[in-house]
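Report on the following structure.
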Amino acid sequence: MMAKYGFFPEKLNITLTCASGVEKALKSELTRLGYGDAPAINGALTIEGSPLDVARLNVNLRTADRVYIRVAQFTALTFDELFDGVKSIKWEEFFPVDAKVLVNGKCVKSKLFAISACQSIVKKAISDRLCRVYKTNRLSESGAEYGLEFSIFKDEVTLYINTSGAGLHKRGYRDLVGIAPIKETLASALLLFSDFYKEKPFADPFCGSGTIAIEAARIALNIAGGVNRTFAFNRWNNFDKKYFDLAFSEAKDKEDRNRKLEFFASDIDPKAVKLAKRHAERAGVADKIRFETQSVKNFKSDLSNGTIVTNPPYGERVYDIKEAEICYKWLGEAYKKLDGWSAFVITSAKSFEKHFGQKCDRERKLYNSNRECKYYYYYGKRRTEND
Ligand SMILES: C[S@@+](CC[C@H](N)C(=O)[O-])C[C@H]1O[C@@H](n2cnc3c(N)ncnc32)[C@H](O)[C@@H]1O
């Protein structure tokens, strides 16, 4: 039964988180979706919006980790201030009487530093508030789960509701794990930072489980990031279903699945290629990418002005650094023979440029699963007679 209270307010502060270094790609996605400029604060962007925007952002964004509703912000130096501050918030606008509220959080550079004590206080304050408003002594918590996250940073408490549930990198198409796969959100960011374009050839010669090539094809065909999954808010009775239905159908209407692409993905490992094909099938782009089992040593293309975006071995886990450096050398040699192609390569190996054989035009610091990496940019130049 729907509670008397518990419908989401129309005006919300929506906070989008992303991996460190990816903020610029997320900002440009937001601009493209019509949300204007959003300031980046501590690796998160906050905009004003409605529940429909929450649905649209979850469905469309490719580089965000999660979409949160930022409920409140206040200062707390003591447990009492934390309790009173949390209890004063109108939680009934977000949580119905049967909500199962799961509280998690972090404390950084603050007087309140005991995370589990803060967690219990936040939970108790929400429960007290809901019991009072819903006139009950006990909350059944038998309904949908709501993830509530608190951050106490320099004594400033911020409370967020996680509307995405599982991170948005979980697109729904990658069901089996390959060797050192890159997150779909980072793969998309690499593509959005590159000069890759739907009308140009594209290749990933270290495709592994296919993530970068699949994300590239989905960007080129305008297939939104979240159309193959559901989100936490889909399970909330007090989040009107019409918002998701509208966001989903808008996204489906924009798809351009008939576009022809010149996209290639290859890997030396036949098992990886098989996995990449499986994922491409599940992502709806299997007929748009040509897969091949081959070493990067043999990578070539008759096409001009394409873009390589790739994530070769780093020489840390499966391959040692010497093996990784041979891969960079082969990639560099293959790249030199291409006509006007650009190459964008992410790796944590400091010796990359030396073995690739060229200084990059630009580089950007990024993190791949908390490992500090550089993303090397090589802009394509048409070859001359003397090359
Ligand atoms: C870091 S993984 C790529 C992961 C991929 N981005 C994904 O999301 O699954 C590096 C890949 O390079 C492949 N590889 C190693 N040596 C290679 C070579 N000489 N030529 C082509 N691929 C190679 C490995 O089989 C592995 O799949």
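Whatever order the structure lists them in is the order used to number ligands and atoms, beginning at 1. This chain uses plain numbering: 1 for the first residue, then up along the sequence. When reading the values below, keep in mind they use all heavy atoms of this one structure, side chains included, and skip hydrogens, waters and symmetry mates.
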Show your reasoning for whether ring-ring contact (aromatic ring centres under 6.0 Å, His included) applies to W236 and F94. CA-CA 10 Å; W236 300 342; F94 303 100; 9.3 Å; no
List, one per line, each side-chain donor-acceptor pair under 3.5 Å for residues 260-269, sequence neighbours excluded.
from : atom 1 : to   : atom 2 : distance (Å)
D267 : OD1    : D269 : N      : 2.9
D267 : OD2    : G208 : N      : 2.8
D269 : OD1    : K271 : N      : 2.9

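Partners of Y335 by ring pair (Phe, Tyr, Trp, His ring centres under 6.0 Å), not counting sequence neighbours, listed by chain and number: F356.
The environment of F153 atom CZ is dense: over 12 non-hydrogen atoms of other residues, nucleotides or ligands sit within 6.0 angstrom.
Residues S295 and N298 bring no donor and acceptor atom of their side chains to less than 3.5 Å of each other.
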List, pair by pair, the atoms of ligand 1 and of the protein that are both N or O and lie under 3.5 Å apart, giving the separation rounded to 0.1 Å.
from     : atom 1 : to   : atom 2 : distance (Å)
ligand 1 : 6 (N)  : N311 : OD1    : 3.1
ligand 1 : 8 (O)  : I182 : N      : 3.0
ligand 1 : 8 (O)  : T211 : OG1    : 2.6
ligand 1 : 9 (O)  : S209 : N      : 2.8
ligand 1 : 9 (O)  : S209 : OG     : 2.6
ligand 1 : 19 (N) : S295 : OG     : 3.3
ligand 1 : 20 (N) : V296 : N      : 2.9
ligand 1 : 22 (N) : I268 : N      : 3.2
ligand 1 : 25 (O) : D267 : OD1    : 2.6
ligand 1 : 27 (O) : D267 : OD2    : 2.7

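Among residue pairs with one or both ends in residues 61-87, none qualify as salt bridge (charged side-chain N to carboxylate O under 4.0 Å, His left out); sequence neighbours excluded.
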